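To start, the structure under review is shown below, and the notes come after it.
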Amino acid sequence: MRGFVNYFKIANMSKILQQLFTWIRRRLRAVQLRLWKKPLRLHRRLKQLKFKLPFKFIKMN
């Protein structure tokens with residue numbers, strides 16, 4: 001998307017692009033959570049990534 005904006009020289013779109021990228025990241029995280037289906041799988045993955053406990057307040061929805 002940044003390449004498209006730079007190619008056509010559309011100015012002052014950095015805030016709009018930042019909001020769009022934020023929304024895309026959030027949607028991808030939601031899809032990943034849906035694929036894990038169970039909180040136990042999420043907790044296991046967070047432990048693999050070296051996140052600190054406790055995870056009891058993380059919800060899947």
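Please read all numbers here as calculations on a predicted model, not as lab measurements.
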Revision key, fill the gap. Side chain to side chain donor-acceptor pair (under 3.5 Å) filter on Gln48, not counting sequence neighbours, yields Arg45

Point to revise | Separation of Arg41 CZ from Leu33 CG (nearest 0.5 Å) | key: 12.5 Å

Check your understanding: Should Trp23 and Val31 be regarded as members of a common hydrophobic cluster, given that ILVMFWY residues are connected when their side-chain heavy atoms come within less than 4.5 Å of each other, either directly or indirectly?
Key -> no

**Study point:** From Ile24 atom CD1 to Leu28 atom CG, the distance as rounded to the nearest 0.5 Å
**Key:** 7.5 Å

**Study point:** Separation between CG of Leu42 and NZ of Lys38, rounded to the nearest 0.5 Å
**Key:** 13.5 Å

